[in-house]
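Below is one structure, written out as structure tokens; comments come after it.
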Amino acid sequence: MANIKMMNKDIETLSDAGFYAIAEKTLKAIEISLEEAFQETDLDLDISRQGGNVVNIQFEDKSVIVVNTQSPLQEIWVAAKEGGFHYKWAGTLQEPLWLDTKTGAELFSELSRLASQQAKTTLEVKFI
């Protein structure tokens, strides 16, 4: 497991309420980014929310990426064709940052890469 504290020494510890708030902002940013991509291209995406904490992204080929929060662990999990990934909070409220617990890769850049692979076109997922 990557030592996330060593990657960013200014990590803000999140209370449960803080985690819910930043996780909701993160899921909303993912939805908005992909909805913008849908509006700007001919891309056939189906973006839906389940149970409040799960975002399903279905692509034209019927493949899916699932992004969900894991509250007890204060993580965001991503399941894609390429595999499953866990992201731990490593930022501040001014500079949000979620890092993969194994590789240290950043959530939004990795989600952009995974979504682009499955959509077969370049997509950018960003924190808005």
Side-chain angles (χ1 to χ4, degrees):
M1 178 187 280
N3 187 343
I4 292 172
K5 287 198 183 280
M6 294 303 289
M7 292 178 204
N8 184 345
K9 294 180 181 175
D10 298 326
I11 297 170
E12 290 179 4
T13 303
L14 296 175
S15 64
D16 287 343
F19 170 77
Y20 289 121
I22 195 67
E24 174 57 28
K25 283 179 129 176
T26 300
L27 293 179
K28 194 67 177 160
I30 292 166
E31 288 176 301
I32 291 169
S33 289
L34 291 170
E35 286 169 3
E36 286 177 0
F38 176 75
Q39 301 278 330
E40 294 171 5
T41 67
D42 293 341
L43 197 57
D44 185 15
L45 285 177
D46 182 24
I47 305 158
S48 62
R49 208 41 116 94
Q50 276 184 282
N53 70 327
V54 179
V55 174
N56 288 309
I57 308 151
Q58 185 173 6
F59 299 87
E60 192 169 344
D61 67 358
K62 304 297 182 206
S63 68
V64 177
I65 292 178
V66 178
V67 181
N68 69 301
T69 60
Q70 292 295 318
S71 301
L73 300 172
Q74 290 197 348
E75 292 182 352
I76 291 182
W77 289 7
V78 174
K81 273 185 172 181
E82 189 174 301
F85 308 90
H86 300 179
Y87 296 86
K88 192 85 171 160
W89 178 250
T92 66
L93 296 178
Q94 289 71 38
E95 294 183 39
L97 182 64
W98 295 93
L99 298 177
D100 185 291
T101 59
K102 290 182 182 171
T103 66
E106 192 273 328
L107 170 66
F108 287 97
S109 63
E110 284 298 287
L111 198 49
S112 295
R113 183 182 65 78
L114 294 167
S116 295
Q117 281 178 346
Q118 287 185 226
K120 298 174 182 70
T121 190
T122 302
L123 295 175
E124 183 182 7
V125 183
K126 58 189 176 218
F127 197 90
I128 302 170

Would you check if the side chain of S109 reaches a backbone N or O of E106 as a donor-acceptor pair within less than 3.5 Å?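 Checked: pair present.
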
Same cluster or not: are V66 and I47 linked, directly or through other Ile, Leu, Val, Met, Phe, Trp or Tyr residues, by side-chain heavy atoms under 4.5 angstrom apart?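 No; tracing contacts between hydrophobic side chains, which count when under 4.5 Å, never links both residues.
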
Given the rule that I, L, V, M, F, W and Y join up when any side-chain heavy atoms are under 4.5 Å apart, are W77 and F85 in one cluster?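 No, no single cluster joins them.
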
Exercise: identify the closest heavy-atom pair between [X] and [Y]:
X: A115; Y: F59; value: O-CE2, 3.6 Å
X: V125; Y: S112; value: N-OG, 2.7 Å
X: V78; Y: Y87; value: CG2-CE1, 3.8 Å
X: E110; Y: A105; value: CG-CB, 3.5 Å
X: L27; Y: G52; value: CD1-O, 4.1 Å

How long is the span from the [atom1] atom in [X] to the [atom2] atom in [Y], to the nearest 0.5 Å?
X: L45; Y: L34; atom1: CG; atom2: CG; answer: 6.0 Å
X: I30; Y: F108; atom1: CD1; atom2: CZ; answer: 5.0 Å
X: Q58; Y: I65; atom1: CD; atom2: CD1; answer: 11.5 Å
X: F127; Y: L97; atom1: CZ; atom2: CG; answer: 11.0 Å
X: K88; Y: Q70; atom1: NZ; atom2: CD; answer: 11.0 Å
X: I76; Y: L99; atom1: CD1; atom2: CG; answer: 11.5 Å

Salt bridge (Lys or Arg N to Asp or Glu O under 4.0 Å) between E24 and R49, worked out: CA-CA 11 Å; E24 174 57 28; R49 208 41 116 94; 3.1 Å; yes

Would you say E35 has more than 12 foreign heavy atoms packed within less than 6.0 Å of its CD?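 Enclosed: over 12 neighbouring heavy atoms sit under 6.0 Å from CD of E35.
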
Trace of the side-chain contact (heavy atoms from CB on, under 4.5 Å) decision for Q74 with D16: CA-CA 8 Å; Q74 290 197 348; D16 287 343; 3.6 Å; yes

Please determine whether side-chain contact (heavy atoms from CB on, under 4.5 Å) holds for the pair K81 and D61, giving the CA-CA distance in whole Å, both sets of side-chain angles, and the decisive distance to 0.1 Å. CA-CA 12 Å; K81 273 185 172 181; D61 67 358; 3.4 Å; yes

